[in-house]
Amino acid sequence: MRQLLHLLLFAVSSAAAVELPPDSEKYIYGIGTDTSYDLAQKAAMADIVMKLATRVNVSTKINQTKHFNRTQVDAQSQVIAESRGIELPNVEVIDTDQKNNLWQVLVRVEREQVKRAIKHQLDTINSDLQFVLEEFENHYAPSCFYTLSNEENKRTLLNELIPAYIGIGSEDGAETQFNRTINTFDRTYKRCKKRNRYTLTFSRPVTSALKNSTKALLKKQGFDVVSKGENTGSVQLNIKAKSSMFKKTHFTILTAEILVFDERESLQFKDSFKVKGASFKSSSESVARAEQALLQRVKLK
């Protein structure tokens with residue numbers, strides 16, 4: 001028992017060879033442990049980022065095991081704090097240790113430098129979003145919808161960086177301008193979604209069932225199909241059909257091309273693909289099955 005206690009104490013002292021100092025007004029510290037120096041250094045940097053984390057994700061893993069006709073369920077929860085995009089400037093390694101094939105690395109960064117780096121990121125993203133939003137002030141149409149859809153990741157990153165900027169010690173109210181941009185983005189994007197309107201045309205005659213199903217599908221994806229209107233884009237569905245029969249089976253192959261233009265006639269989306277349908281009963285049934293396969297492939301964003 002005494003020998004076992006000695007081994008446990010030795011293991012604890014070995015694992016704690018590098019001590020983590022408390023954060024100070026000047027420095028933020030992070031420690032990482034892994035099988036290589038590089039991985040341990042990255043883990044130490046991630047440790048600092050976690051202190052500035054702006055989002056917490058909780059995942060639950062459920063394992064089922066069966067023993068003697070009895071099923072046992074074990075649920076394990078994992079909490080991960082993350083802040084995408086925080087860039088740590090001038091990371092300084094101040095201590096390292098290697099024992100039992102494990103590396104420990106201690107790093108630190110200057111609090112003021114992290115603050116300036118986050119502020120630079122915020123200013124850059126904020127400027128980019130403001131430039132886009134000025135273009136679509138009082139102009140809510142398909143071009144606005146597609147542009148803001150592409151910029152949505154910047155809006156998310158801006159929102160995630162704000163709590164880190166506040167937590168690092170920025171002055172009161174420094175985040176106001178960034179929150180204002182986020183609010184303007186959300187308000188503009190919402191209006192553009194409501195006016196994301198298009199006409200729908202087919203290159204060849206199609207059944208009313210296919211036409212109505214396509215309209216419903218586009219509506220579900222956020223595209224409102226109208227007969228005509230001001231500031232309206234267009235969705236063009238070019239279809240070529242080829243029918244054949246082999247061993248008493250009817251086949252239909254549809255070659256499709258989807259083109260989406262905004263109200264300024266700028267091409268915003270293009271996709272092409274082939275689908276097929278087969279039927280033992282009739283050619284019309286193979287066509288219907290090919291059309292169903294086509295609808296499953298239609299995605300405009």
Side-chain angles (χ1 to χ4, degrees), residues 125-159 179-242 252-277 287-301:
I125 298 171
N126 192 63
S127 178
D128 291 344
L129 290 178
Q130 285 183 337
F131 179 80
V132 171
L133 291 170
E134 287 175 1
E135 180 182 357
F136 297 107
E137 186 176 3
N138 298 322
H139 182 77
Y140 313 117
S143 60
C144 170
F145 170 81
Y146 266 100
T147 300
L148 295 192
S149 295
N150 294 332
E151 297 293 331
E152 197 169 9
N153 61 326
K154 290 185 179 179
R155 180 258 182 228
T156 300
L157 182 55
L158 186 68
N159 188 56
N179 284 325
R180 187 183 300 118
T181 298
I182 291 174
N183 292 334
T184 302
F185 183 97
D186 292 344
R187 184 172 60 251
T188 304
Y189 196 19
K190 182 178 180 180
R191 292 174 178 174
C192 291
K193 287 180 179 178
K194 287 183 177 180
R195 301 184 187 181
N196 191 37
R197 300 168 182 166
Y198 302 81
T199 59
L200 175 63
T201 59
F202 294 86
S203 61
R204 59 187 294 271
V206 296
T207 62
S208 58
L210 176 59
K211 185 178 296 185
N212 292 334
S213 296
T214 304
K215 288 182 180 180
L217 180 63
L218 297 183
K219 180 71 174 179
K220 188 176 181 180
Q221 295 184 14
F223 296 77
D224 190 13
V225 177
V226 297
S227 57
K228 60 180 179 179
E230 187 179 0
N231 291 328
T232 300
S234 64
V235 176
Q236 299 177 11
L237 192 51
N238 302 321
I239 302 175
K240 293 181 180 180
K242 182 179 180 180
T252 299
I253 297 177
L254 298 180
T255 303
E257 180 186 52
I258 303 176
L259 302 174
V260 181
F261 297 89
D262 62 23
E263 78 285 359
R264 299 167 178 172
E265 298 185 356
S266 297
L267 181 65
Q268 293 288 356
F269 180 84
K270 180 180 179 180
D271 191 19
S272 59
F273 53 85
K274 289 184 179 181
V275 294
K276 70 177 181 178
V287 171
R289 290 179 176 177
E291 289 178 349
Q292 288 299 316
L294 182 147
L295 290 172
Q296 293 177 2
R297 287 289 307 273
V298 174
K299 293 181 180 179
L300 304 189
K301 59 177 180 177

Between Asp186 and Arg155, does any NZ, NE, NH1 or NH2 come within less than 4.0 Å of an OD or OE carboxylate oxygen?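 Counted as a salt bridge, because a side-chain N and a carboxylate O are separated by less than 4.0 Å.
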Between Arg264 and Glu135, is there a salt bridge with N-O shorter than 4.0 Å?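 Result for this pair is yes, salt bridge flagged.
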Write down the atom of [X], the atom of [Y], and the distance for their closest heavy-atom approach.
{"X": "Tyr198", "Y": "Phe223", "result": "CE1-CD2, 3.1 Å"}
{"X": "Ile125", "Y": "Lys154", "result": "CG2-O, 3.5 Å"}
{"X": "Lys194", "Y": "Arg197", "result": "O-NE, 4.0 Å"}
{"X": "Leu217", "Y": "Leu295", "result": "CD2-O, 3.1 Å"}
{"X": "Pro142", "Y": "Gly233", "result": "CG-N, 3.7 Å"}

Only one of Leu259, Ile258, Val260 forms a side-chain contact (heavy atoms from CB on, under 4.5 Å) with Lys270, so which one is it?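 Of Leu259, Ile258, Val260, side-chain contact (heavy atoms from CB on, under 4.5 Å) with Lys270 is met by Leu259 alone.
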List the steps and the verdict of side chain to side chain contact (heavy atoms under 4.5 Å, CB included) for Arg289 and Thr252. CA-CA 8 Å; Arg289 290 179 176 177; Thr252 299; over 6 Å; no
Distance from [X] atom [atom1] to [Y] atom [atom2], nearest 0.5 Å?
{"X": "Leu254", "Y": "Leu210", "atom1": "CG", "atom2": "CG", "value": "8.5 Å"}
{"X": "Glu134", "Y": "Glu137", "atom1": "CD", "atom2": "CD", "value": "7.5 Å"}
{"X": "Arg191", "Y": "Cys144", "atom1": "CZ", "atom2": "SG", "value": "10.5 Å"}
{"X": "Lys274", "Y": "Thr255", "atom1": "NZ", "atom2": "OG1", "value": "4.5 Å"}
{"X": "Lys242", "Y": "Lys276", "atom1": "NZ", "atom2": "NZ", "value": "12.5 Å"}
{"X": "Asn179", "Y": "Asn159", "atom1": "CG", "atom2": "CG", "value": "7.5 Å"}

Side chain to side chain contact (heavy atoms under 4.5 Å, CB included) between Val206 and Leu237, intermediate numbers included: CA-CA 11 Å; Val206 296; Leu237 192 51; over 6 Å; no
Would you say [X] and [Y] make side-chain contact, with heavy atoms under 4.5 Å?
{"X": "Glu152", "Y": "Tyr189", "result": "yes"}
{"X": "Thr147", "Y": "Phe136", "result": "yes"}
{"X": "Val225", "Y": "Val235", "result": "no"}
{"X": "Asn231", "Y": "Tyr140", "result": "no"}
{"X": "Thr214", "Y": "Val298", "result": "no"}
{"X": "Thr201", "Y": "Ser234", "result": "no"}
{"X": "Phe145", "Y": "Gln268", "result": "no"}
{"X": "His139", "Y": "Glu263", "result": "yes"}

Kindly say whether the aromatic ring centers of Tyr146 and Phe269 come within a distance under 6.0 Å.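 No; Phe269 has its ring centre 6.0 Å or more from that of Tyr146.
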Any donor-acceptor N or O pair under 3.5 Å, side chains Gln236, Ser203: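 Ser203 and Gln236 do not have a side-chain donor-acceptor pair below 3.5 Å.
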Worked check of side chain to side chain contact (heavy atoms under 4.5 Å, CB included) between Leu148 and Leu133: CA-CA 8 Å; Leu148 295 192; Leu133 291 170; 4.3 Å; yes
Under 3.5 Å: donor-acceptor pair, side chain of Thr232, backbone of Lys228: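 Side chain of Thr232 to backbone of Lys228: no pair is present.
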